[in-house]
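Let me begin by presenting the structure, written as structure tokens, before commenting on it.
Here, residue 1 is the first one in the sequence, and each next residue gets the next number.
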Amino acid sequence: MEIPINSFKTDLRNGETLLGLWLGLSETFSAEICAGAGFDWLLIDGEHGPNDLRSILSQLQAIEPYPSHAIVRPPQGDHVLIKQLLETGVQTLLIPMVESAEQAAGLVRAMRYPPEGIRGVGAALARASRWGRIQDYSAQANDQMCLLLQVETKLGYDNLDEILAVDGVDGIFFGAADLAASYGLLGQSNHPSIVQAIEIGLRKTQAAGKSGGVLCGDKAIVQRYFEAGARFIAVGVDALLLAAATTNLRQEYRPEPGGKSAANY
């Protein structure tokens, strides 16, 4: 049995621009529905979505038959949790709240087997190696891991150049909402100064030979980010899409919530 090739990492290295969707519902059924939509990548959110290791695993299994590449965002960059996620078969991680080159270097080590890193050697017991059926898994695994770091605070943004210089970091994801809050613009992720800062960050990331990404639902701003060099952008969130669709459907029949009247039908 062959090790799965990380298509997301390969596509980024080949210069592709990749369109993604955020998964926050923590449901296997909805994850599979979204996988069938044809996005290049899907982000399983363990930071703000109510996910645990088992729910992440079930969504990985639901997504696997489809072309979309599964990325996982854990709640924090803990090396033990990273090890557990890699054992489930995750090959691409997005780590939130990265603020320094030292932190970035530690995350690179957590993603790799010794001597390059500190990942525990035990994949023969895990889905990652298909329970030992990929006999040379440990020798090949490092090359298939993709590490994306989320820069989303003023401190992280100020240290962007140093973070970009860390070998083994594949991409930088700019967290617009938290970045805005860090600059005193809570709830204004599309504020002109934040959009401009992200554009500058994306250009720096591209110049460093790494891939930049962001989550944005505004089509005009998405285009600006692509023009600034973004290589992977999520353009929606499953929970928000469902909320908007159900609200719009109700409004077609009853403009205001509450109050039932036969005259509305």
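The two residues Arg119 and Ala110 have their closest heavy-atom pair at CB-O, 3.7 Å.
Taking a cutoff of 4.0 Å between a charged side-chain nitrogen and a carboxylate oxygen, Glu2 and Arg133 do not qualify as a salt bridge. For the pair Arg130 and Glu87, the salt-bridge criterion is not met [side-chain N within less than 4.0 Å of a carboxylate O]. Under 4.0 Å is where a charged nitrogen must lie from a carboxylate oxygen, and between Arg231 and Glu16 no such pair does. A salt bridge links Lys204 and Asp161; the closest N-O separation between the charged side-chain nitrogens and carboxylate oxygens is under 4.0 Å.
No hydrogens or angles considered: nothing links the side chains of Ser68 and Asp40 as a donor-acceptor pair under 3.5 Å. Side chains of Asn51 and Ser26: a donor-acceptor N/O pair is present below 3.5 angstrom, by distance only. Side chains of Gln223 and Glu227: a donor-acceptor N/O pair is present below 3.5 angstrom, by distance only.
Put simply, the side chain of Leu148 reaches to within 4.5 Å of the side chain of Thr92, judged on heavy atoms. Residues Ile163 and Tyr157 form no side-chain contact, since every pair of their non-hydrogen atoms from C-beta on lies 4.5 Å or further apart. Counting heavy atoms from C-beta on, the side chains of Thr17 and Phe232 never come closer than 4.5 Å.
Note on Ile63: it clusters hydrophobically with Val235, by side-chain heavy-atom contacts below 4.5 Å among ILVMFWY residues. In terms of hydrophobic clustering, with Ile, Leu, Val, Met, Phe, Trp and Tyr side chains grouped at heavy-atom distances under 4.5 Å, Leu18 and Phe39 are assigned to different clusters.
The CE atom of Met111 sits 7.0 Å away from atom SG of Cys146, with the distance rounded to the nearest 0.5 Å.
Taking the six-membered ring for Trp, Trp22 and Phe173 have ring centres closer than 6.0 Å.
Side-chain atoms of Gln59 do not come within 3.5 Å of backbone N or O of Ser30 as any donor-acceptor pair. With Gln84 contributing its side chain and His79 its backbone, the two residues share no donor-acceptor pair below 3.5 Å.
Within 6.0 Å of CD on Gln140 lie more than 12 heavy atoms contributed by other residues, nucleotides or ligands.
Ring-plane geometry between Phe8 and His69 is classed as parallel, the angle between the planes falling under 30 degrees on a 0 to 90 degree scale with a further cut at 60.
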